[in-house]
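Model, not experiment: these values are computed from the prediction.
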Protein chains: 2
Amino acid sequence: MRGGEGERLELQAKKRPRQARAQATFDAIVQACARVLAEEGYAAVTTNRVAELAGVSIGSLYEYFPNKQAIVASALARAMREIVEEVGASLRVAVALEGQPRAGIDYWMRAMTAALEKRGALLRVALREVPFLWDIPEVRDLSDTLQHIAQEGRKKSARVVHFDDPEASTYLLMTMVWSAILQSVLYRPSHLSRERLTSTLVEMVLKLL
Amino acid sequence: MRGGEGERLELQAKKRPRQARAQATFDAIVQACARVLAEEGYAAVTTNRVAELAGVSIGSLYEYFPNKQAIVASALARAMREIVEEVGASLRVAVALEGQPRAGIDYWMRAMTAALEKRGALLRVALREVPFLWDIPEVRDLSDTLQHIAQEGRKKSARVVHFDDPEASTYLLMTMVWSAILQSVLYRPSHLSRERLTSTLVEMVLKLL
DNA sequence: GATTAATCCGAATAAATGCTCGGAAACACT
DNA sequence: AGTGTTTCCGAGCATTTATTCGGATTAATC
């Protein structure tokens, strides 16, 4: 019942399922946890609720996870890996559109938006309510991973950021774009449509390159 | 003991302290709560802990607050009001520096950074761990308030954002700057100094105006 | 078919903690 | 000093909920 400070939490899954049946319950648990998180919030994630929704017994949870946090961590780590994969793939497409910078940037912005939008509810809860979020390796590394992706794109592209400090400006550009998209997904500003924001964002990025 | 979904939480203080003695305990409670939040995290905020640190009895807490959440809400609302005030004040200074846009932007960026930095630990916990954060009016309105401040600055200044959609681009610019600063305060990227980031940020903003 | 290992079950346990309530103490006002 | 109001106290109640454990059930292996 501790929170998110001193204690070292065990966030790894306990044991690998060996039989197919076991793999199914393992997945059911992780998936059920993700659903409760997204639909009911972190406070609703009780071990009993997750077990119930997964259709397994409470005892089975502790067969594969050392504690509640490890279940949540598994669910969130999975989502992060998916996001990184989608964002990375979209960058490769964008770079392939070398000839038309606007089209490339546009595609990339929209892909990032889609990747976050698809998991909006989950991300909202994760970022706002999960106390040990930043103890999850996949989350902690996300920022750096995105930086790598951005650097990679810059190197392969003809366009370059031309400011005094290329590293700092690349970092900032990526951070700003990512934050703006995330913000609009999480906060859902009512007076400005997503479409309007995206196209304006593309303009701004082009101007900064 | 509920979390952050369906239930309507009472986040207002219960009753106003009438005597000076009472005002002192009221303040002590709010301040103690802020300290526990910033130094030990939300999970450490138990009614007993706050009472202890405030040097009052547990019973006294419930004299002025209907529940635990109201105490946390009071502490955070106070911080938000202070931030808005500081950011607003710094904008007025920046606008007064009309002649030198670079100096004005620079001053403003640094003031925002300072305002957030000063409350870094508190903000980190608030944004990452407090489940009902967005039910607090002062927090919910923060984004809009910042938008107003930005619009105000734009109107009073000679420089204008020149993109197809002035409203969207102003919104995005403010969001991006705010997010980037907040991000760097919360995340503390080790490989890039605060100074480096700030000056680059100033460059970028100038380029977008 | 017998034996071993993996998986699943769920009532019971144990601990944490938000909050109440009856009464004592301090204060304001006459 | 007397009276009513405000403030303060803190042991105890009530509830929630993470986790255990002994044993039943099913699958793999010989």
Side-chain angles (χ1 to χ4, degrees), chain A residues 1-7 9-11 13-30 32-33 36-37 40-74 130-132, chain B residues 1-7 9-11 13-30 32-33 36-37 40-74 130-132:
Chain A
M1 234 174 208
R2 305 314 327 294
E5 333 97 58
E7 350 292 323
L9 283 184
E10 188 51 72
L11 296 179
K14 195 192 237 172
K15 120 183 136 180
R16 298 259 91 210
R18 314 226 167 222
Q19 305 177 2
R21 170 175 67 144
Q23 181 67 48
T25 55
F26 185 97
D27 288 343
I29 291 167
V30 173
C33 181
V36 177
L37 271 174
E40 306 172 44
Y42 181 68
V45 178
T46 67
T47 51
N48 289 288
R49 179 93 185 84
V50 170
E52 178 194 36
L53 199 68
V56 303
S57 155
I58 179 69
S60 297
L61 285 192
Y62 287 91
E63 208 65 46
Y64 303 105
F65 300 93
N67 50 45
K68 186 176 85 159
Q69 289 86 343
I71 304 174
V72 174
S74 285
V130 175
F132 53 90
Chain B
M1 234 174 211
R2 305 314 330 292
E5 331 99 57
E7 351 291 326
L9 284 185
E10 188 51 70
L11 297 178
K14 199 192 236 173
K15 119 184 137 177
R16 299 258 93 209
R18 316 229 166 218
Q19 305 176 2
R21 169 176 68 142
Q23 181 65 48
T25 56
F26 185 96
D27 289 342
I29 291 167
V30 173
C33 181
V36 178
L37 272 173
E40 306 173 44
Y42 180 68
V45 179
T46 66
T47 50
N48 290 288
R49 180 91 184 84
V50 170
E52 180 195 33
L53 199 67
V56 304
S57 155
I58 179 69
S60 297
L61 285 193
Y62 288 92
E63 208 65 45
Y64 304 104
F65 301 93
N67 50 46
K68 185 176 85 161
Q69 288 86 345
I71 304 174
V72 175
S74 285
V130 176
F132 53 91

> B/Arg21 CZ to C/dA28 P: how many Å, rounded?
Replying inline: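 That distance rounds to 8 Å.
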
> Atom CD of B/Glu40 to atom C1' of C/dT17: distance rounded to whole Å?
Replying inline: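 Taking CD of B/Glu40 and C1' of C/dT17, I get 16 Å after rounding.
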
> When you measure from the side chain of B/Val56, which nucleotide among C/dA6, D/dC9, C/dG18 comes out closest?
Replying inline: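 The nucleotide sitting nearest to the side chain is D/dC9.
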
> With under 30° as parallel and over 60° as perpendicular, where do the rings of A/Phe132 and A/Tyr42 fit, or are they tilted in between?
Replying inline: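 Geometry flag for A/Tyr42 against A/Phe132: perpendicular rings.
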
> Taking the nucleotide of DNA chain D with the closest heavy atom to each, which residue, B/Gly59 or B/Arg16, is nearer the 5' end?
Replying inline: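 Nearest-nucleotide comparison on DNA chain D picks B/Arg16.
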
> Could you give the distance from CG (A/Leu11) to CD1 (A/Ile71), rounded to the nearest 0.5 Å?
Replying inline: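 The CG atom of A/Leu11 sits 11.5 Å away from the CD1 atom of A/Ile71.
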
>> Taking A/Val45's backbone N and O only, do any of them form a donor-acceptor pair with A/Lys68's side chain (distance below 3.5 Å, no angle check)?
In response: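 Answer holds: yes.
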
>> Nearest heavy atom decides the nucleotide; on that basis, is A/Phe26 or B/Thr47 closer to the 5' end of DNA chain C?
In response: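 Result: A/Phe26.
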
>> Please classify the nucleic acid contact of B/Gln19 as base, sugar-phosphate, or nothing, using heavy-atom distances under 4.0 Å.
In response: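 Answer is sugar-phosphate: B/Gln19 comes under 4.0 Å of backbone atoms only.
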
>> For a quick check of understanding: with a heavy-atom distance under 4.0 Å over all strands, which category does B/Tyr64 fall into, base, sugar-phosphate or nothing?
In response: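 Counting heavy atoms under 4.0 Å across all strands, the contact made by B/Tyr64 is with sugar-phosphate only.
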
> Does B/Glu63 reach the side chain of B/Phe26, with side-chain heavy atoms less than 4.5 Å apart?
Replying inline: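 Heavy-atom side-chain distance check fails, nothing below 4.5 Å.
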
>> Quick check: any donor-acceptor pair below 3.5 Å linking the side-chain of A/Ser57 to the base of C/dG10?
In response: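 For A/Ser57, whose side chain was compared with the base of C/dG10, there is a donor-acceptor pair (under 3.5 Å).
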
